[in-house]
**Student:** 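Here it is: the structure, laid out below.
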Amino acid sequence: MKPADIQYTGQFGPQNRPALVAKVQAALSPARFAHVLRVEETAVELAQANGVNLEQASIAGLTHDYAKERPDQDFQALLATGDYDPALATAGNEIWHGVLGATLIQQELGVTDEEILTAIRQHTVGGVTMTPLSQVLYQADYIEPGRDFPGVATARQLTAQSLALGVAYQTWHTLSYLVTQGVAVYPATLATYNAWVPSKRKEFEINE
């Protein structure tokens with residue numbers, strides 16, 4: 001099923017799909033919005049293949065980067081008022097737009113479903129425990145057709161075999177990249193690695 005054919009029920013938020021698309025488009029540059037549409041389509045495909053609710057997958061895909069192009073001040077204001085992980089204070093947009101962006105999505109778009117909001121929070125850092133919906137979004141953002149980087153073909157192949165394998169591979173690949181760049185690793189990302197990678201390590205090749 002194509003995303004445009006999904007009839008929103010109102011169970012997860014007040015917007016119908018055309019209204020939600022319009023609000024997300026207004027918040028993003030054309031390139032970022034095109035990415036969002038590709039993630040939504042990939043999320044719906046993965047959801048169909050893995051028995052995940054298609055409406056939830058569509059909403060999560062559409063809104064996951066809603067806050068991606070917000071100024072740092074918006075996130076800093078949230079940090080000053082909310083009960084958030086102290087480690088977020090030294091993070092940046094790559095982390096904030098998911099973990100903190102979910103709050104903006106709830107406030108401004110009216111998305112109320114906690115499973116969707118958790119998937120959005122986790123799409124940047126993963127999680128020790130991830131629902132099938134969270135795994136779908138995590139992988140859809142990573143393997144959508146516009147992505148082109150060493151390892152993406154392997155990520156697509158493994159995700160087609162198993163969402164969990166895809167999550168493990170993505171987490172390994174991302175952490176490996178961060179280590180080679182010599183940058184700080186957000187604690188939740190390291191926890192995701194410890195929870196997902198060791199048990200799956202022998203099931204995929206990591207010799208790229």
Side-chain angles (χ1 to χ4, degrees), residues 12-13 20 23-24 26-29 31-33 35-36 39-40 43 56-57 59-144 147 149 166-198:
F12 307 111
L20 189 59
K23 288 191 174 184
V24 171
L28 299 174
S29 65
R32 178 60 52 181
F33 179 63
H35 161 72
V36 161
V39 171
E40 181 198 17
Q56 286 180 302
I59 294 171
L62 273 179
T63 60
H64 79 284
D65 270 359
Y66 172 74
K68 179 69 175 178
E69 297 175 339
R70 298 288 280 260
D72 288 355
Q73 293 90 326
D74 288 5
F75 299 114
Q76 290 162 348
L78 283 176
L79 287 171
T81 60
D83 182 18
Y84 296 105
D85 179 357
L88 284 170
T90 56
N93 182 277
E94 287 299 318
I95 303 298
W96 289 341
H97 82 273
V99 178
L100 297 175
T103 299
L104 297 174
I105 290 162
Q106 183 177 28
Q107 293 173 347
E108 298 175 9
L109 301 180
V111 175
T112 56
D113 182 65
E114 187 56 37
E115 191 173 358
I116 294 173
L117 295 173
T118 296
I120 292 165
R121 294 184 192 104
Q122 292 183 333
H123 92 269
T124 56
V125 298
V128 171
T129 301
M130 299 173 71
T131 67
L133 177 64
S134 286
Q135 295 175 54
V136 160
L137 182 60
Y138 192 66
Q139 291 309 108
D141 186 37
Y142 198 63
I143 66 171
E144 58 94 344
R147 298 296 197 191
F149 56 84
V167 168
Y169 180 80
Q170 178 188 164
T171 303
W172 170 81
H173 201 267
T174 299
L175 189 61
S176 298
Y177 173 78
L178 294 174
V179 169
T180 62
Q181 296 300 302
V183 298
V185 177
Y186 185 67
T189 301
L190 186 57
T192 302
Y193 177 94
N194 288 337
W196 289 86
V197 176

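Quantities reported herein were computed from a predicted structural model and do not represent experimental measurements.
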**Student:** Does the side chain of Y186 come under 3.5 Å of the side chain of T124 through a donor N or O and an acceptor N or O?
**Tutor:**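 The answer is no; no qualifying pair exists.
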**Student:** Going by heavy atoms in the side chains, are L137 and V39 under 4.5 Å from each other?
**Tutor:** yes
**Student:** Is any side-chain heavy atom of D74 closer than 4.5 Å to a side-chain heavy atom of W96?
**Tutor:** no
**Student:** Compare all side-chain heavy atoms of I105 with those of H64 and state whether any distance is below 4.5 angstrom.
**Tutor:** no
**Student:** Sub-3.5 Å donor-acceptor pair from the side chain of Q139 to the main-chain atoms of G166, do we have one?
**Tutor:**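 At least one qualifying donor-acceptor pair exists.
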**Student:** When the ring planes of H173 and Y142 are compared, do they come out parallel, tilted or perpendicular, using 30° and 60° as the limits?
**Tutor:**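 Because their plane-to-plane angle is over 60°, the rings of H173 and Y142 count as perpendicular.
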**Student:** Could you check K23 against T63 for side chain to side chain contact (heavy atoms under 4.5 Å, CB included), going step by step and ending with a plain yes or no?
**Tutor:** CA-CA 9 Å; K23 288 191 174 184; T63 60; over 6 Å; no
**Student:** Who pairs with E108 by salt bridge (charged side-chain N to carboxylate O under 4.0 Å, His left out), at least two apart in sequence or on another chain?
**Tutor:**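 Once residues adjacent in sequence are excluded, the partners of E108 under the salt bridge (charged side-chain N to carboxylate O under 4.0 Å, His left out) criterion are R70.
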**Student:** Keeping the roles fixed (side chain from D65, backbone from K68), state whether a donor-acceptor pair exists under 3.5 Å.
**Tutor:** no
**Student:** Has T189 got a side-chain atom pairing as donor or acceptor with L175's backbone, closer than 3.5 angstrom?
**Tutor:** no
**Student:** In terms of the angle between their ring planes, are H123 and H97 parallel, tilted or perpendicular, with boundaries placed at 30° and 60°?
**Tutor:**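 The arrangement is perpendicular - the two ring planes meet at more than 60°.
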**Student:** Any side-chain to backbone donor/acceptor pair from E69 onto S29? Under 3.5 Å, distance only.
**Tutor:** yes
**Student:** After noting the C-alpha distance and the side-chain angles of I59 and V111, does the key distance pass the side chain to side chain contact (heavy atoms under 4.5 Å, CB included) rule?
**Tutor:** CA-CA 8 Å; I59 294 171; V111 175; 4.0 Å; yes
**Student:** If you define the side chain from C-beta out and look only at heavy atoms, does anything of T131 sit under 4.5 Å from T118?
**Tutor:**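 No, every pair of side-chain atoms sits at 4.5 Å or beyond.
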